[in-house]
Structure formats: structure tokens, C-alpha cells
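Because the structure is a prediction, the values reported are computed rather than measured.
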Amino acid sequence: MALRVEAWTVELPLLEPFRISTGTSEKTRTLLIRLTTPDGLEGWGEACPSKTVLGETLEDLVEAVRKIKILEADYESIEKIHELTWSLKVPSSLAAAINIGLLDLYARSKGSPLWRLLGGYRDSIQTDISIGIMEPYEQAKRALEFVEKGFRILKLKLGLEPEKDVERVKRVRDAVGEGVKIRVDANQGWSVEDAIRVISRIASYEVELVEQPTRWDDFEGLRKIRRESPVPIALDESVKTARDAIKAIEYEAADIINIKLMKTKGITGALRVAYISESANIRNMIGCYGETRLGITAHIHLAQAIRNIQFYDMDCDLLTSQQAFQGGASIENDIRSVGEEPGLGKLVPEFSKFVRII
């Protein structure tokens, strides 16, 4: 079937600069696509590039999508959608957008929400909220503010100053007290030796997990850290595809693998990572880059569908000062859900914020 392809870019400012070990962001820039069938059925997808992880820029996506005005695709089979997605010679995040858009069409054509067709395991998820690298007292202050807003899981960005990282975690725990979960993410920032030392010290502050403590390609180092860590180790940048998940399993480098749709070329690739992880008794987390409400909604459909996805970092759209879509995944305190509308659900685009590409 010939599907019409339309594309826009959108740029949204963050509520405040967001700093991690690899840099600081002040806005999010993504590409949105709409696939339309000859009879007018629409499916939406989003591509959010990552230069540091995927080697992609928004400009790369714009150049690639301009070459696609008509997409020949069969959206009546999940397996055929996967086959088509992985045959595309486009950047990973653009393949993800097309995959999401085709699955949106698939579920709408069936009159069912996507999460029910993919597995239908749970009807809501509890997200964490991320706090960028700040001075320890600032991170503690921000943590308390989020707890007062109803969040019970905090994800602290670390990785620049090992000694100060320990103080950051201590200050946050002292501020929020017991009953609030703390996760930390070094974004590859520590050496193997620093990671082992920091993790041993912050474990007493009831840290739930440590994400990507050192370089993405240092599987030997990650195995050593995991063997010596009293805290579960999650891998993110190290695992993009199912093949990477197999490598992490072979090295015994992970307790948890973080799935992101931009890394896995969409939802069908993410399913492969989840099933491989489960077969090795490794749980999954689901995270995001800088997606709008559209991309977050797609992630939450997957999170609600699959039992093995048990940790949720679904907060990117909560960190922007504006929204590109109304509707989609709801948020009440820290509970998110996507409801029973067909496809990805009712998402109303704010076209005034979009810049048309094709």
C-alpha cells in the first residue's frame, strides 16, 4: 500500500538546563512524521536523534526523510512492519518513527489500543523523574520539590566528580527520607575504579540501581563493576539492539537493560531486546531521549504491554516548558497510562509549534 509521508521538526525549550556527564541541553529537537493511507487513516511517529549514542543529528533525519514522500508498506502485520523497518536504509531514530507510525496504523485499523495488541500486561506505569547534575544542595532541593509534587522515584544524573557524586546521593537521601526510591545514572562518566568505589559508598543510601557507570564499549570493565557492585547495574548506551543485548548477556555485564525506541529502530526491535533479556533473567527498564508527548506515549504503550519491562523513566515530556501534542499519555502524580483509545490514542498536534519539512 502506498502511504503518504509528511514530516515536521519541532523544538521545545526545557524548564531548566539539563546537565549530564556528556553535556548540557537547553531544548529538545525532534522530527515528527505522519503516515496517511489512501482512505485517510493516519499514523504518527517520532524520531529523536542522539549524536553521542546513535551518531545522528536532526539535520541527518531531515535529509533522509526528504527522500521519502511515498512509503510502500503493509501495516496489517506486526512481523511485516518489523521486516520493512529493518530493510530501510535510514538513521535508526527515523526507522523508529516509521515503525511507530506503522504500528499506530495497525492498531487503529484493528480498533484497539496498541498496548493491548502487543501484550496488554498492565494498565499503567509508575515513572521516575530525572534530575540533572547540579551542586549537591541544589540536587537535594530539586529532589524534595519533585517529591512534594507526587513523585516517589528519583533518577539522579551523576558521572562528573566521583567524590561530589557521593555527596549528591547522600544529600538527596537526607532530604527526601525513606520511602522514596533513588536511581543513579553516570552516563558513562566514571572510570571502572571510580565506579566501584562510588557504588560501594552510595549503596548505604538505598540506591535501587546504577545505570551505565562506565564506557559503553568496555564490557570487561562493566562485568568487573557488576561483579563487585552491591547495587544492580543497568546498561543503556551499551545496548542498542538485540545483538548488543546478547553481548551484554555473554559478558554477564548487566542486571537490567534499558530499552529506548530510538536505539532499537522502534517498538518491534524493542520487543526483541525484551524477550532476549527475559530469557537470560535480566529485567528491562524503558527510557527516553528528548521525545515529545508523542514519543513518550509510544514508549508507554510498550511498557504497559510487556511484563519484563519493570522500570520506567518516562519523563522527557515533563521536563519541557511547552507541549507539541495535547492528549496522549496521562500523568497523575507519578502514574502514567495511555488508556483505551485505538492506536497510540488521541493525540492532537500543536501545528503552530511545527516546522514543515515535507
Can [X] and [Y] be counted as having a side-chain donor-acceptor contact under 3.5 angstrom?
{"X": "T292", "Y": "E46", "result": "yes"}
{"X": "N187", "Y": "K157", "result": "yes"}
{"X": "Q212", "Y": "S238", "result": "yes"}
{"X": "T127", "Y": "D334", "result": "no"}
{"X": "Q323", "Y": "D317", "result": "no"}
{"X": "S277", "Y": "N284", "result": "yes"}

Among V338, I286, I125, whose side chain to side chain contact (heavy atoms under 4.5 Å, CB included) with H299 holds?
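Among V338, I286, I125, the one meeting side chain to side chain contact (heavy atoms under 4.5 Å, CB included) with H299 is I286.
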Considering only residues two or more places apart or on different chains, which pairs with a residue in residues 19-28 satisfy side chain to side chain donor-acceptor pair (under 3.5 Å)?
E11-K27
Salt-bridge contact [X]-[Y] (side-chain N to carboxylate O under 4.0 Å):
{"X": "E193", "Y": "R197", "answer": "no"}
{"X": "K141", "Y": "E145", "answer": "yes"}
{"X": "E42", "Y": "R108", "answer": "no"}
{"X": "E332", "Y": "K149", "answer": "no"}
{"X": "R183", "Y": "E208", "answer": "yes"}

Does [X] belong to the same Ile/Leu/Val/Met/Phe/Trp/Tyr cluster as [Y], with side-chain heavy atoms less than 4.5 Å apart forming each link?
{"X": "I306", "Y": "M285", "value": "no"}
{"X": "Y275", "Y": "I78", "value": "yes"}
{"X": "L261", "Y": "W115", "value": "yes"}

With heavy-atom distances below 4.5 Å as the criterion, would you say the side chains of Q126 and R336 are in contact?
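In short, these two side chains do not touch, never coming nearer than 4.5 Å.
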Taking the side chain as every heavy atom from C-beta outward, state whether E206 and K181 have any pair of such atoms under 4.5 Å apart.
no
Hey, what do you get for OG1 (T241) to CD1 (I259), rounding to the nearest 0.5 Å?
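Atom-to-atom, T241:OG1 and I259:CD1 are 11.5 Å apart.
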Would you kindly say whether the two SG atoms, from C288 and from C316, are closer than 2.5 Å?
yes
Is it the case that atom CZ in R215 sees more than 12 heavy atoms from other parts of the structure closer than 6.0 Å?
no
What pair of heavy atoms forms the shortest contact from L31 to A7, and how long is it?
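Result for this residue pair: CD2-CB, 4.4 Å.
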For S321 versus L15, what's the shortest heavy-atom pair and its separation?
CA-CD2, 3.7 Å
Between [X] and [Y] (side chain of the first, backbone of the second, donor and acceptor by atom type, cut-off under 3.5 Å), is there such a pair?
{"X": "K164", "Y": "M134", "result": "no"}
{"X": "Q188", "Y": "W216", "result": "yes"}
{"X": "R168", "Y": "Q139", "result": "no"}
{"X": "N99", "Y": "A95", "result": "no"}

Determine whether D165 and W190 satisfy the following criterion, side chain to side chain donor-acceptor pair (under 3.5 Å), listing intermediate values before the conclusion.
CA-CA 10 Å; D165 284 341; W190 295 323; 2.9 Å; yes
Pi-cation contact, W8 with K353 (under 6.0 Å, within 45°):
no
Mind checking whether F351 and F354 have parallel, tilted or perpendicular rings, split at 30° and 60°?
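Correct class here is perpendicular.
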State which residue, out of R226, R223, R283, R227, fulfils the salt bridge (Lys or Arg N to Asp or Glu O under 4.0 Å) condition with D255.
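Of all the options given, the one that passes is R226.
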